[in-house]
Amino acid sequence: MLDAQFIRDNPGLVRKAIADKNAGEADLVDRALETDQQRRASLTDLQTLQQQLNEAGKQIGPLMKEGKRDEAAPLIEQTTQLKEQLKEVEETVRKREEAFNAVMLEIPNIPHESVPVGHSPEENEVVFEWDELPSFDFEPKPHWELATKHGLIDFERGAKVTGAGFPFYIGKGARLQRALIQFFLDLAGEAGYTEMQPPLVINEASGIGTGQLPDKEGQMYMTEPKIEELNNVLWRKLTELYQENENIEEPKIINTFVRDVMSEGHDLDVALKATAKVLAEQMIEEGLFALYMIPTAEVPVTNFHRDEILDAADLPIKYAAYTPCFRREAGSYGKDVRGLNRLHQFDKVELVRFVHPDESYDHLEQLREDAERAVQQLGLPYRRVLMCTGDMGFTQTKKYDLEVWSAGQGRWLEVSSISNFEAFQARRANIRFRPEGGGKPQFVHTLNGSALALPRIVAALLENNQQADGSIMIPECLRRYTGFDRITEVPG
RNA sequence: GGAGAGGUGGGUGAGUGGCUGAAACCACCGGUUUGCUAAACCGGCGUACUCCGAUUAGGGGUACCGAGGGUUCGAAUCCCUCCCUCUCCGCCA
């Protein structure tokens with residue numbers, strides 16, 4: 001989320017950002033300004049009314065104490081009128097704030113000036129590329145063949161047990177995964193990151209804090225309560241209420257609905273059950289009670305400090321977390337999803353930094369180097385891509401991707417993306433710091449980057465290190481973790 | 001799952017209907033004093049929003065004591081619902 005004041009002051013900049021990022025309708029800024037205007041107008045009304053009420057209260061107080069009830073009476077009469085007005089204005093304010101917030105959540109973050117303007121992946125800048133790709137005197141095989149041949153990964157059984165995109169890792173395959181995780185975490189530890197094991201399921205507020213919600217809800221797996229249970233709870237509650245009251249005043253809609261059903265000739269109990277069902281469906285639809293499986297450790301780790309005021313002396317704060325990640329990735333087909341290229345569940349070590357706003361672009365480069373170091377030590381040919389405005393995503397101001405060479409597929413695979421969010425997440429998640437020497441709390445800048453996502457690293461390792469005899473060499477730096485230095489064909 | 005206690009500012013913690021945006025202490029900031037540091041003393045110090053002021057300085061107002069409702073002319077304080085934390089018991093990896 002951007003600062004409302006910033007949008008008021010720089011509508012042109014924000015319009016340009018929306019256009020450059022291809023993220024949202026052209027009139028977003030105008031809608032933001034308009035709803036902001038309305039919201040503030042009704043806020044002023046509200047505050048005036050509250051002020052009048054408070055003043056009346058201050059006059060009434062002493063009178064009541066002295067027992068001059070009749071002198072207070074006209075004032076009390078006045079407050080009842082004011083309170084009626086207040087109710088209406090409150091409702092208006094609520095609606096307008098809602099409208100304003102909805103628009104604000106749709107406005108993307110503003111790209112940094114160093115980011116190339118562009119609308120397609122072709123306009124990304126390859127800033128660095130390994131000059132020599134590995135060569136083979138045989139036809140290198142894709143990793144899914146290698147993995148299957150060596151019994152490292154079982155895609156079919158994964159599909160049977162869960163679905164496509166949920167493989168089993170077996171034997172040396174599983175061991176390799178564990179080795180990579182430990183290697184990455186150790187590297188992060190050496191670079192000064194504090195290791196963290198976060199929850200794998202998060203609530204709605206966390207999703208909003210880092211920007212996955214509301215716009216990317218479809219990307220996450222979601223847990224929801226059993227509708228029958230919710231149904232029953234609601235039905236019991238409604239029955240209770242109707243026994244007390246005959247009528248439910250608020251919200252009227254429930255009462256209306258119940259009567260509608262009864263007017264069709266059903267009795268109260270049937271009507272209540274029907275109402276409960278509709279309510280339950282609606283609540284689930286609206287995602288109330290929903291918890292989400294994390295699509296990346298960024299979400300729980302960044303939200304670790306949600307609603308906190310950090311000490312300036314503690315910055316930068318650096319965390320490293322290994323977690324499985326869950327992504328629905330609806331609508332991708334073909335070679336992109338073959339083998340390990342795109343999974344619904346995968347492992348990743350994520351690096352997160354909370355930093356002083358003045359230093360966030362230095363930290364972006366440091367974070368990038370932390371991730372690159374891992375790729376380098378694994379000896380994988382890679383390239384670094386600076387994402388253009390249109391390919392970068394809603395919440396970032398600047399983002400690098402690291403891509404490793406996949407010899408068996410003859411293409412680059414994204415294994416890391418490293419981003420600066422400036423204050424965008426911090427503002428949503430309300431993460432601030434108290435400046436050195438006191439003063440008002442300011443929003444921190446947050447950054448994160450993968451170091452690294454495992455599946456494509458495994459794919460590249462298998463493909464790039466395959467030998468003429470079919471065996472696969474394990475990179476030097478991993479051997480102390482794997483306990484073996486090559487994967488040979490197991491008979492049977 | 002059963003029983004009880006509790007959620008107040010950056011922290012500890014007082015506060016049972018108006019004089020409380022909230023004592024006191026700690027932390028922090030400014031100053032005085034002192035070879036230096038420390039101590040002592042004096043002063044300052046919540047957040048968000050909003051209006052006025054020239055987008056300064058500054059001033060006015062509103063809201064916020066876990067969240068949401070209610071009672072009341074008036075709620076941190078009373079009532080209801082929910083969430084969370086802690087203690088004891090039970091169950092359990």
Side-chain angles (χ1 to χ4, degrees), chain A residues 1 3-11 13 33 35-87 89-94 96-98 100-101 104 199 202-206 208 225 230 233-234 236-238 240-241 244-245 248-252 254 283 288-291 303 305-315 317 354 423 426-444:
Chain A
M1 185 151 40
D3 182 14
Q5 187 62 48
F6 181 85
I7 298 177
R8 267 179 241 147
D9 295 343
N10 309 280
L13 270 180
L33 292 174
T35 50
D36 182 40
Q37 188 58 46
Q38 292 177 344
R39 154 188 157 265
R40 284 193 293 159
S42 52
L43 257 180
T44 308
D45 293 348
L46 176 76
Q47 295 184 351
T48 310
L49 278 174
Q50 285 168 328
Q51 187 179 356
Q52 289 170 359
L53 262 170
N54 286 341
E55 275 162 10
K58 269 177 204 156
Q59 291 174 32
I60 295 167
L63 291 176
M64 296 296 275
K65 261 195 180 157
E66 293 164 33
K68 297 175 180 165
R69 195 155 234 293
D70 39 330
E71 272 183 54
L75 284 166
I76 292 175
E77 171 61 22
Q78 191 194 338
T79 61
T80 31
Q81 283 175 20
L82 284 173
K83 278 197 284 186
E84 268 167 40
Q85 290 178 44
L86 188 69
K87 257 196 175 159
V89 177
E90 268 174 350
E91 183 59 15
T92 311
V93 168
R94 199 189 55 75
R96 291 182 174 182
E97 296 249 285
E98 217 166 71
F100 172 69
N101 286 333
M104 288 298 282
I202 50 110
N203 58 26
E204 188 190 20
S206 297
I208 290 173
L230 189 54
V233 173
L234 287 171
R236 251 177 279 133
K237 189 78 201 166
L238 281 173
E240 208 176 285
L241 282 172
E244 280 173 22
N245 277 335
I248 297 177
E249 296 285 321
E250 295 290 340
K252 286 204 179 74
I254 292 178
M283 286 164 112
L288 296 168
F289 317 115
L291 293 176
N303 278 284
H305 288 303
R306 172 149 51 85
D307 292 323
E308 289 185 16
I309 297 175
L310 306 168
D311 204 328
D314 293 337
L315 300 180
I317 297 175
F354 301 82
R427 190 170 292 111
R428 283 174 165 235
N430 193 26
I431 306 169
R432 294 172 294 173
F433 71 100
R434 174 123 14 225
E436 210 84 61
K440 290 211 177 250
Q442 297 175 34
F443 291 113
V444 298

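Per chain, numbering begins at 1; letters A, B, ... match sequence-line order.
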Length of the [atom1]-[atom2] vector between [X] and [N], whole Å:
X	N	atom1	atom2	answer
K83(A)	U72(B)	NZ	C1'	7 Å
R306(A)	G66(B)	CZ	C1'	14 Å
L86(A)	G69(B)	CG	P	12 Å
D307(A)	U47(B)	CG	P	15 Å
Q442(A)	G10(B)	CD	C1'	16 Å
K440(A)	G46(B)	NZ	P	9 Å
L82(A)	U62(B)	CG	P	13 Å
I431(A)	U47(B)	CD1	P	18 Å

From C-beta outward on [X], which listed nucleotide comes closest to its side chain: [options]?
X	options	result
T44(A)	A63(B), U50(B), G46(B)	U50(B)
R432(A)	C51(B), C49(B), A48(B)	A48(B)
I309(A)	G10(B), C73(B), A63(B)	G10(B)

Rounded to the nearest 0.5 Å, how far does [atom2] of [Y] lie from [atom1] of [X]?
X	Y	atom1	atom2	value
R40(A)	L46(A)	CZ	CG	15.0 Å
I309(A)	F433(A)	CD1	CZ	11.5 Å
L315(A)	L310(A)	CG	CG	6.0 Å
T80(A)	L53(A)	OG1	CG	9.5 Å
L43(A)	E97(A)	CG	CD	5.0 Å

Is any side-chain N or O of [X] closer than 4.0 Å to OP1 or OP2 of [N]?
X	N	result
N54(A)	U62(B)	yes
R434(A)	G11(B)	no
R40(A)	C51(B)	yes

Considering only the [atom1] atoms, how many Å lie between [N] and [M], rounded to the nearest integer?
N	M	atom1	result
G9(B)	C65(B)	P	10 Å
A24(B)	C42(B)	P	13 Å
A23(B)	G13(B)	C1'	10 Å
U37(B)	U55(B)	P	44 Å
A27(B)	C83(B)	P	39 Å
U50(B)	A38(B)	C1'	46 Å
U47(B)	G11(B)	P	13 Å
G30(B)	A14(B)	C1'	28 Å

Considering Watson-Crick and G-U wobble pairs with both distances under 3.5 Å, what does [N] pair with?
N	answer
G90(B)	none
A75(B)	none
A23(B)	none
U85(B)	A5(B)
A48(B)	U62(B)
U16(B)	none
G43(B)	C29(B)

Pair R94(A) + E91(A), salt bridge at N-O below 4.0 Å: yes
Q47(A) vs P62(A), nearer the 5' end of RNA chain B by closest nucleotide: P62(A)
Upstream residue (5' side of RNA chain B) when G61(A) and Q51(A) are each assigned their closest nucleotide: G61(A)
